[in-house]
Amino acid sequence: MEWETVIGLEIHAQLATRSKIFSGSSTAYGAEPNTQANLIDLGYPGVLPVLNAEAVRLAAKFGLAIGATVSRRSIFARKNYFYPDLPKGYQISQYELPIVEQGSLTIRLDDGTEKVIGITRAHLEEDAGKSLHENLGDATGIDLNRAGTPLLEIVSEPDMRSAREAATYMRAIHQLVRYLDICDGNMQEGSFRCDANVSVRPSGEAKLGTRAELKNLNSFRFIEKAIEYEIERQIDIIEGGGKVVQETRLYDSDRDETRSMRSKEEAHDYRYFPDPDLLPVELDDAFIKEVEAELPELPWIKAQRFAEEFGLRRDDIDILTASRATADYFEAVAATLGDDPKLAANWVVGELSGALNRDGLEIEASRVPPHALGELLQRIKDGTISGKIAKEVFEAMWNGEGTADEIIENKGLKQITDRDAIEQLVDVTLSTSAEQVQQYRDGNQKVLGFFVGQVMKASQGKANPKQVNEILRQKLSDEAE
Amino acid sequence: MALSRQDVEHIAHLARLEVSEDEIADYVAKLSSILDMVAQLGETDTTGVEPMAHPLDMAQRLRPDDVTESDQREFFQRNSADVAHGLYRVPRVIE
């Protein structure tokens with residue numbers, strides 16, 4: 001039987017505020033346990049949560065970017081459950097009237113087609129604390145530094161049909177929240193997390209199958225692998241005559257499998273009700289306009305501009321617009337260079353990305369700043385050096401040996417464009433390669449490449465390749481006569 | 001609205017309350033009568049009335065995003081029964 005997979009994602013993005021959503025405690029990562037947890041975060045009786053204005057602004061920013069409705073009135077609710085990392089016995093979240101409703105994001109699939117993924121809602125909530133199990137013997141240790149950290153939970157429609165699509169959507173949201181500067185996107189530190197609702201149904205069936213919720217998908221690779229595994233598991237159950245149970249499953253990346261966490265029916269009876277400690281949040285048009293004015297150029301608009309303005313290939317555009325920092329870097333190189341954006345793109349996508357990857361650096365920390373790369377590329381354009389020598393110069397720049405011009409000068413890398421000098425090199429090569437000259441005369445044009453290689457080698461790569469080619473052809477045809 | 005025994009048992013479990021067999025019948029009767037009282041609100045015609053989320057007719061005040069709290073871990077943890085390495089120790093929970 002043919003099966004169709006249905007996937008919806010719930011993404012938790014930690015909002016980039018300095019203080020917590022309902023208290024003045026710091027949200028900085030990596031502090032000593034419980035040193036950033038005050039009375040409100042600890043759930044002491046008699047305290048009153050006060051909402052962080054910045055959290056509201058960042059949530060609204062996201063809503064506007066995905067073309068959603070930013071609610072003029074939204075309310076907070078209590079989601080009740082017991083867990084040691086949740087001292088109050090409830091999480092403050094939004095249930096009815098979330099701050100963001102009904103948006104969408106267009107993703108680009110592997111085959112180049114586009115697909116619109118609906119975003120049902122995005123709501124504000126507080127994070128819980130962290131449970132630690134190591135070095136505590138038979139006990140669990142609770143760190144409440146994370147309790148009360150502002151989260152935006154972004155809930156998609158069940159619009160995705162494969163693990164790959166789900167990962168693509170997750171990447172697109174990740175890219176967007178970083179463009180908007182509303183979340184640092186650091187997945188190792190848990191600033192960007194994802195749960196996936198996965199079900200299967202026979203192709204053509206309208207009714208949804210029973211779903212499992214997968215937790216702990218903290219990388220793009222894991223989300224794909226976890227969903228792949230889960231699809232197989234569910235199909236095996238149904239084809240074996242069994243029934244899929246609605247439950248929460250945890251992905252174990254070491255074993256590459258999902259396993260049951262707890263039965264969902266009872267655990268998910270959260271008895272939401274409006275939090276009497278918090279009044280409705282009201283936003284006016286002036287506020288929305290103000291936030292709208294702060295929106296940066298969004299990734300898909302930037303990509304379109306790069307295509308129109310620079311005529312770049314789609315694959316290159318995807319890499320160059322992956323982050324704002326990369327796009328800014330590229331644009332700065334292109335501006336220094338003047339009129340050859342394709343050369344700038346090739347170098348940012350090629351040599352620069354390679355060097356960054358090799359040294360594990362972000363583009364913000366590049367050892368070669370954009371204007372310096374632009375100056376190097378100018379030397380290719382004006383014929384001072386060849387593209388091949390430029391790579392050598394780039395390596396030297398990367399190692400801090402100076403500017404492009406200094407390195408070219410100090411290492412004597414300037415291209416040989418003097419016709420006599422090149423002719424001399426060509427003559428030497430031809431006189432020592434009688435056999436290949438004969439082959440060429442016998443009609444084997446491919447030997448030309450061999451001659452070019454030999455001449456370039458003799459010049460230590462400095463001869464102008466175009467001139468070498470030209471002179472070689474000329475001499476060989478002279479000789480043939 | 002009449003609650004069943006199972007309803008009361010379920011609610012008690014969710015709230016982690018231990019309710020003895022004898023008490024259940026009592027809770028069924030009392031909780032049901034509370035719900036009956038609340039149900040009277042349903043008799044009022046609220047057509048055209050916007051639902052309230054809070055008894056106060058006011059909007060939430062927002063605070064600026066400033067860190068105003070300092071570390072008082074030692075003070076707060078004096079209230080705790082069991083602390084180790086700065087962590088609150090609780091009976092082992094693992095999924």
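Labels below follow one simple rule: chain letters A, B, ... track the order of the sequence lines, proteins then strands, and each chain is numbered from 1.
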*Report yes or no: do B/Asn79 and A/Tyr44 form a side-chain donor-acceptor pair below 3.5 Å?*
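There is such a pair (donor and acceptor under 3.5 Å, judged by atom type) between the side chains of B/Asn79 and A/Tyr44.
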
Spacing of [X] atom [atom1] and [Y] atom [atom2] [to the nearest 0.5 Å]:
{"X": "B/Ile11", "Y": "A/Arg271", "atom1": "CD1", "atom2": "CZ", "value": "9.0 Å"}
{"X": "A/Tyr270", "Y": "B/Leu14", "atom1": "OH", "atom2": "CG", "value": "11.0 Å"}
{"X": "A/Asn38", "Y": "B/Glu69", "atom1": "CG", "atom2": "CD", "value": "4.0 Å"}
{"X": "A/Ile75", "Y": "B/Met52", "atom1": "CD1", "atom2": "CE", "value": "11.5 Å"}
{"X": "B/His54", "Y": "A/Phe76", "atom1": "NE2", "atom2": "CZ", "value": "13.0 Å"}
{"X": "A/Leu39", "Y": "B/Phe75", "atom1": "CG", "atom2": "CZ", "value": "7.5 Å"}

Determine the option with the most heavy-atom pairs under 4.5 angstrom with chain B, choosing from [options].
{"options": "A/Ser23, A/Ser131, A/Ser26, A/Ala37", "value": "A/Ser23"}
{"options": "A/Val56, A/Leu144, A/Ile142, A/Leu278", "value": "A/Ile142"}
{"options": "A/Val281, A/Asp143, A/Asp138, A/Asp85", "value": "A/Asp138"}

Are the side chain of [X] and the backbone of [Y] linked by a donor-acceptor contact shorter than 3.5 Å?
{"X": "B/Asp65", "Y": "A/Arg18", "answer": "yes"}
{"X": "B/Arg89", "Y": "A/Gly141", "answer": "no"}
{"X": "A/Asn34", "Y": "B/Gly86", "answer": "yes"}
{"X": "B/Arg73", "Y": "A/Pro33", "answer": "yes"}

Kindly give the heavy-atom pair with the smallest separation between [X] and [Y], and that separation in Å.
{"X": "B/Ala53", "Y": "A/Pro274", "value": "O-CB, 3.8 Å"}
{"X": "A/Leu42", "Y": "B/Tyr88", "value": "CD2-OH, 3.8 Å"}
{"X": "A/Lys20", "Y": "B/Arg63", "value": "O-NH1, 3.2 Å"}
{"X": "A/Leu279", "Y": "B/Met58", "value": "CD2-O, 3.7 Å"}
{"X": "A/Ala139", "Y": "B/Arg92", "value": "O-NH1, 3.7 Å"}
{"X": "B/Arg16", "Y": "A/Phe82", "value": "CG-CD1, 3.4 Å"}

Exceeds 12 heavy-atom contacts within 6.0 angstrom, atom [atom1] of [X]:
{"X": "B/Asp57", "atom1": "CG", "value": "no"}
{"X": "B/Tyr27", "atom1": "OH", "value": "no"}
{"X": "A/Tyr272", "atom1": "OH", "value": "yes"}
{"X": "A/Glu294", "atom1": "CD", "value": "yes"}

_Salt-bridge contact B/Glu50-A/Arg73 (side-chain N to carboxylate O under 4.0 Å)_ =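 Yes, charged N to carboxylate O under 4.0 Å.
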
*Please state whether the side chain, the backbone, both or neither of A/Pro280 comes within less than 4.5 Å of a heavy atom of chain B.*
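Answer is both: backbone and side chain atoms of A/Pro280 are under 4.5 Å from chain B.
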
*Non-hydrogen atoms of chain A under 4.5 Å away: do they reach the side chain of B/Glu74, the backbone, both or neither?*
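Neither the backbone nor the side chain of B/Glu74 comes within 4.5 Å of chain A.
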
*If you tally heavy-atom pairs under 4.5 Å against chain A, which of B/Leu56, B/Leu62, B/Thr68 wins?*
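Option with the greatest count: B/Leu62.
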
